[in-house]
Amino acid sequence: MQELFPGTQITIGPNIEDGFFYDIAPQTPLSLEDLPKIEARMREIVDSDAALVREEWARDAAIAHFKSIGEHYKAEIISDLPEGEPISVYRTGDWLDLCRGPHMPSTGKVGKAFKLLKLAGAYWRGDHTNAMLQRIYGTAWRTEEELAAYLHRVEEAEKRDHRRIGKAMDLFHIQEEGKGMIFWHPKGWTLYRTMLAYMRRRIEAVGYVEVKTPQILEQSFWEKSGHWEKFHDSMFVCETDEGEVMAVKPMNCPCHVQIFNHGQRSYRDLPIRMAEFEGLHRCESSGSTHGLLRVRQMSQDDAHIFCADAQIVEESKAFIELLNSVYADFGVELHSVKLALRPDKRFGTDAQWTIAEDQLEEAAHLAGIEVERIANEGAFYGPKLEFHLRDAIGRTWQCGTLQLDYVLPERLDASYIAEDGQKHRPVMLHRAICGSMERFIGVLIEHFAGAFPLWLAPVQVTVATITSDADAYARDVVSQLRAAGLRAEIDVRNEKINYKIREHSLAKVPIIAVVGRKEAEQRTIALRRLGGDAQSILALDDACAVLTKEALAPDEARRAKPDHPA
RNA sequence: GCCGCCAUAGCUCAGCUGGUAGAGCACCUGAUUUGUAAUCAGGGGGUCGGGGGUUCGAGUCCCUCUGGCGGCACCA
């Protein structure tokens with residue numbers, strides 16, 4: 001780098017999953033065209049098989065050396081190394097690099113199965129108040145074959161991108177005037193509604209109640225809740241002609257406290273599990289929106305559990321079990337669970353935070369879940385358990401969440417009358433399983449690559465005719481399938497059956513029902529399932545019964561079995 | 001918000017060093033009535049993301065705005 005682009009400072013360059021990156025500070029910004037030049041020079045260095053020699057330097061000498069050659073970032077790293085830490089410097093020819101090591105004995109050992117992939121910006125030490133460096137991402141493998149296989153994997157994963165599939169399957173779109181705002185098309189909205197219906201059944205079955213609260217409330221309301229102070233940047237604010245300043249709700253929690261506070265609550269009422277699926281708006285920064293996975297307008301499968309201290313662990317455990325069951329029904333696998341600890345910007349006392357963090361961890365343990373503690377990531381009102389899922393290219397996204405909150409009930413003066421006849425504060429558990437429905441659907445689209453299981457598929461059956469002689473019968477078939485509760489469509493276009501099969505297969509319709517003269521005469525249909533080329537011929541009535549049963553959501557299927565109550 | 005890249009027909013994309021837009025699919029029309037992953041022929045369709053500039057001339061060069069992509073920061 002420093003030979004090709006004199007004056008470039010180098011900073012850190014760790015290995016990451018499937019490769020590495022290097023953060024550098026060039027004199028003039030690099031562009032994509034520079035990567036091949038760098039790669040070519042890398043290959044020369046590998047060919048030269050130069051020795052990499054470890055040396056230990058004294059702290060002052062190392063700092064002085066790197067400062068003298070203009071490597072201020074390296075000097076800063078050394079200054080911040082703890083006292084007593086050995087300072088290792090690797091020598092390659094007359095080039096010196098600060099690195100903890102270990103290194104291979106010589107550059108030839110690296111091999112040539114590597115590729116520089118992309119340029120990105122990255123703040124020095126991850127702090128946006130620092131200078132922005134340029135980050136070069138690359139991948140490296142033992143053999144050319146492994147490299148090719150990796151590149152192929154990435155290419156395949158990109159085909160599962162929910163934005164690409166969403167367009168191809170006509171599920172949704174986003175347009176310039178509504179950055180981060182989803183226009184759900186009929187098929188996408190069908191999927192959405194199907195998932196909402198499922199979530200409603202699951203929570204109603206375990207004692208939740210559902211409410212609906214206002215979208216826009218006055219500034220004073222958000223001041224009371226604390227959102228105006230801690231969350232103002234992310235709220236959409238508007239003003240009426242009469243001068244009232246209003247903000248669109250970014251969360252339901254303060255609204256739910258209003259319902260809780262309406263009238264007097266008894267300990268006998270607790271826990272109250274209050275759910276809401278209304279839309280939320282968050283003014284996310286311009287660089288952060290991302291298809292369905294990070295939006296500015298969404299709905300959450302949101303609920304707040306108001307309970308007494310003694311109920312926290314039990315409620316938390318029950319929630320985690322529900323979440324596991326829901327994820328299993330959707331066929332997705334948890335990537336990781338994180339316990340996000342107190343952030344700098346927070347309300348509440350340290351004592352409250354400590355109790356809250358410990359309780360969440362205990363509940364996770366009881367539910368048999370390993371958590372990874374991450375500092376400084378909690379919500380301003382409480383710590384949270386974050387349930388992360390992976391997208392097609394391996395990025396992880398927080399979907400489910402469980403947050404323990406002592407702060408909001410206090411700020412908004414929520415109380416109940418306990419056994420002792422005194423007012424007590426309830427605790428709030430903020431919880432969501434899908435998180436944002438938009439995000440969860442995005443993850444699901446990538447997970448299934450658009451080929452949804454029957455119960456989720458926006459179109460479950462397409463009835464395709466072979467000749468126009470079968471049109472009338474095909475209409476009967478569709479009516480009957482629809483009457484049986486199936487999402488069926490008809491294709492009577494003047495096209496060959498091959499054409500129709502191909503098109504509906506590419507559209508990921510799980511079942512194609514082919515009808516020709518024979519079927520019309522015998523009142524049968526020939527079913528062809530996505531991914532197979534076998535067909536089964538069934539009487540129309542039988543087919544309706546079979547498919548209806550097959551299309552049950554997992555929870556409905558469990559309930560339908562007499563010996564297995566849901 | 002920051003760094004790099006990108007924006008051409010409904011979709012996917014081509015258009016070399018500036019000479020005034022092209023393919024496939026889709027759509028429409030006609031023919032074909034078809035048995036399990038693309039029937040044939042014809043036709044319509046683009047102020048080349050917006051604005052400004054350089055030039056005799058800009059899809060192509062420059063500036064700027066908007067949006068997208070990959071990261072970083074942020075993420076209740």
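Lettering follows sequence order; numbering is per chain, from 1.
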Would you classify [X] as touching base, sugar-phosphate or nothing, given that sugar-phosphate means primed atoms plus P, OP1 and OP2, and contacts are heavy atoms under 4.0 Å?
X      : answer
A/L32  : sugar-phosphate
A/E284 : base
A/E503 : nothing
A/K167 : sugar-phosphate
A/Y381 : sugar-phosphate
A/A168 : nothing
A/L506 : base

Report yes if at least one side-chain N or O of [X] is closer than 4.0 Å to OP1 or OP2 of [N]; otherwise report no.
X      : N      : result
A/N498 : B/rU36 : no
A/R528 : B/rA37 : yes
A/H290 : B/rG70 : yes
A/R163 : B/rG68 : no
A/K496 : B/rC40 : no
A/R395 : B/rG71 : yes

Ignoring hydrogens and geometry beyond distance, is the side chain of [X] in donor-acceptor contact with the base of [N] at under 3.5 Å?
X      : N      : result
A/S285 : B/rA73 : yes
A/R135 : B/rC72 : no
A/R296 : B/rC75 : no
A/E519 : B/rG35 : yes

*A/Y381 vs A/H430 aromatic rings, parallel, tilted or perpendicular, using cut-offs 30° and 60°?*
parallel

Using atom [atom1] in both nucleotides, what's the gap between [N] and [M] to the nearest angstrom?
N      : M      : atom1 : answer
B/rC16 : B/rC74 : P     : 42 Å
B/rG1  : B/rU20 : P     : 39 Å
B/rG22 : B/rC72 : P     : 43 Å

Between [atom2] of [N] and [atom1] of [X], the distance in whole Å:
X      : N      : atom1 : atom2 : value
A/Q134 : B/rG4  : CD    : P     : 6 Å
A/N130 : B/rC72 : CG    : C1'   : 12 Å
A/I501 : B/rU36 : CD1   : C1'   : 4 Å
A/D23  : B/rC2  : CG    : C1'   : 14 Å
A/R125 : B/rC3  : CZ    : C1'   : 20 Å
A/L293 : B/rG68 : CG    : P     : 14 Å
A/E377 : B/rC75 : CD    : P     : 7 Å
A/H173 : B/rG10 : NE2   : C1'   : 13 Å

_Pairing partner of B/rC11 (Watson-Crick or G-U wobble, both distances under 3.5 Å)_ = B/rG24

*May I ask which nucleotide in the shown strands pairs with B/rG70, Watson-Crick or G-U wobble, both distances under 3.5 Å?*
B/rC3

_ring pair (Phe, Tyr, Trp, His ring centres under 6.0 Å) between A/H304 and A/F260, worked out_ = CA-CA 10 Å; A/H304 296 93; A/F260 180 89; over 10 Å; no

Listing, residues 516-524 of chain A side-chain donor-acceptor contacts under 3.5 Å, not counting sequence neighbours, or none:
from, atom 1, to, atom 2, distance (Å)
A/R517, NE, A/D469, OD2, 2.7
A/R517, NH2, A/D469, OD2, 2.9
A/E519, OE1, A/G516, N, 2.8

*Choose from B/rU33, B/rA73, B/rU36 the nucleotide whose nearest atom is closest to any side-chain atom of A/T467.*
B/rU33

*Kindly point out which of B/rA73, B/rC3, B/rC5 is positioned nearest to the side chain of A/S31?*
B/rC5

Look at atom [atom1] of [X] and say whether more than 12 heavy atoms of other residues, nucleotides or ligands are closer to it than 6.0 Å.
X      : atom1 : answer
A/H173 : NE2   : yes
A/Q175 : CD    : yes
A/K115 : NZ    : no

*asked:* Against A/W397, only a single residue in A/H388, A/H290, A/H335 fulfils ring-ring contact (aromatic ring centres under 6.0 Å, His included); can you say which?
replied: A/H290

*Given that A/Y137 and A/I537 both sit by RNA chain B, which one's nearest nucleotide is further toward the 5' end?*
A/I537

